[in-house]
Amino acid sequence: MPELPEVETIRRSLQTLIGRRCKNLWLSDLAPVETTRPLQLRQRLEGRTVAAIERRGKYLLLTVDGGASLVIHLGMSGRLLFRQKPESPHAKHTHMVITFEDQGELSLTDARRFSTFSLADDPSGRGNLFLQRLGPDALDPSLTPEQFCERARRHPGLSLKNLLLNQSVIAGLGNIYACEALYTAALSPKRRVRRTNTAELQGLFRAIGIILQRGIQHGGTTLRDYIDGRGNRGKMKDFLQVYGRDGMTTLDGRGRVKRIVQTQRSTWFSPEVQR
DNA sequence: GCGATCCTGGCC
DNA sequence: GGCCAGGATCGC
């Protein structure tokens, strides 16, 4: 579900966790299969104070004093919610709950169980199987257009759509923002990297930055499930040019929107605008 | 590279 | 009942 702007919005909404001490970490029996070593997760987090909440691509890192981080990926349908005074019982499909010493609690619910939780020992993320596969964050201020091109060129056979979805090239884009960035760059999602010149790739890189920042500004995109850590919906849906608009015009009226399927996933684009 | 797979739920 | 869904991995 959540892509970079949603995860960033969640991160910002959970700043209240900083300075709180973890009392207990609970995982359900159905906690996602990729979850590694629940006992070790508990040992490294319980009794520790949250020092920072960071984001890398679509991953959230909850770092505690002592340096260990809980690394969370929300998959398609994961939600993180903080409640200071939990009054109602846990929602259906709750798979992780961290209770804090002052009674606040952070819970993760995920109907489809594509979420993952794991541990990183070292703030760099080296040694964490999930983080070590990631390319640079799509909004990393030190990432240059030249570096993006260089990384893209390693995958000449990929379509531009699949390039953007590949988290080892740059991390953070998902289906919505990949479609939107390609529209902004006026590039066809079907175009192969090898047929895309350097100016076009650099234009795509700029479009990615614009689209992701806009997503963050609006608090992310709520299609159905997404809410931030305080329960707020995102408003970016009202600004999407192509995503989900099969058979309609683009939001700005510059062309018609067509839906195609690439590698089992829907892509929306405007053939009149995107070449 | 591409297709199949992991899951549940919502909608037609 | 069938199709679709904001993701990622694995095997060919």
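These numbers come from the heavy atoms of this one structure, side chains and all, not from hydrogens, waters or symmetry mates. Nothing here was measured: the structure is a model prediction, and the numbers come from that model. Naming convention: chains lettered A, B, ... in sequence-line order (proteins, then strands); numbering from 1 in each chain.
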Regarding A:Arg191 and A:Glu200, does a basic nitrogen lie under 4.0 Å from an acidic carboxylate oxygen?
yes
Check whether the aromatic ring of A:Tyr226 stacks on the base of C:dG6, taking stacking as ring centres less than 5.5 Å apart and planes within 30° of each other.
no
Would you tell me if any nitrogen or oxygen in the side chain of [X] comes within less than 4.0 Å of OP1 or OP2 on [N]?
| X | N | value |
| --- | --- | --- |
| A:His93 | B:dC7 | no |
| A:Thr263 | B:dG1 | no |
| A:Gln264 | B:dC2 | no |
| A:Gln167 | C:dA8 | yes |
| A:Lys58 | C:dG7 | yes |
| A:Arg113 | B:dT8 | yes |

Determine whether the side chains of [X] and [Y] contain a donor N or O and an acceptor N or O closer than 3.5 Å.
| X | Y | value |
| --- | --- | --- |
| A:Ser69 | A:Arg44 | no |
| A:Ser188 | A:Arg275 | no |
| A:Glu6 | A:Tyr177 | yes |

Students often get this wrong, so: under 4.0 angstrom with heavy atoms, is [X] touching a base, only sugar-phosphate, or nothing?
| X | result |
| --- | --- |
| A:Lys237 | nothing |
| A:Tyr243 | sugar-phosphate |
| A:Leu158 | sugar-phosphate |
| A:His73 | sugar-phosphate |
| A:Thr221 | base |
| A:Asp110 | nothing |

Find the distance [X]:[atom1] to [N]:[atom2] and express it as a whole number of Å.
| X | N | atom1 | atom2 | result |
| --- | --- | --- | --- | --- |
| A:Glu6 | C:dA5 | CD | C1' | 14 Å |
| A:Leu164 | C:dG7 | CG | P | 12 Å |
| A:Leu223 | B:dG10 | CG | C1' | 13 Å |
| A:Gln262 | C:dA5 | CD | P | 13 Å |
| A:His155 | B:dG1 | NE2 | P | 9 Å |
| A:Asp225 | B:dG9 | CG | C1' | 9 Å |
| A:Leu4 | C:dG7 | CG | P | 12 Å |
| A:Leu173 | C:dA8 | CG | C1' | 15 Å |

Ring centroid separation for A:His73 and A:Phe130, is it under 6.0 angstrom?
no
Paired with B:dG10 by Watson-Crick or G-U wobble geometry, both distances under 3.5 Å: which nucleotide is it?
C:dC3
Between A:Arg192 and A:Arg224, the residue closer to the 5' end of DNA chain B by nearest nucleotide is A:Arg192
Whichever of A:Tyr59 and A:Glu3 has its nearest DNA chain C nucleotide further upstream toward 5':
A:Glu3
On a plain distance test, is the side chain of A:Arg265 in donor-acceptor contact with the base of C:dA5 below 3.5 Å?
no
Hphob cluster co-occupancy, A:Met248 + A:Met236, side-chain heavy atoms under 4.5 angstrom
no
Whole-Å P distance, C:dC3 and B:dA4
14 Å
Using the P atoms only, state how far B:dG1 lies from C:dG6, rounded to an integer number of Å.
23 Å
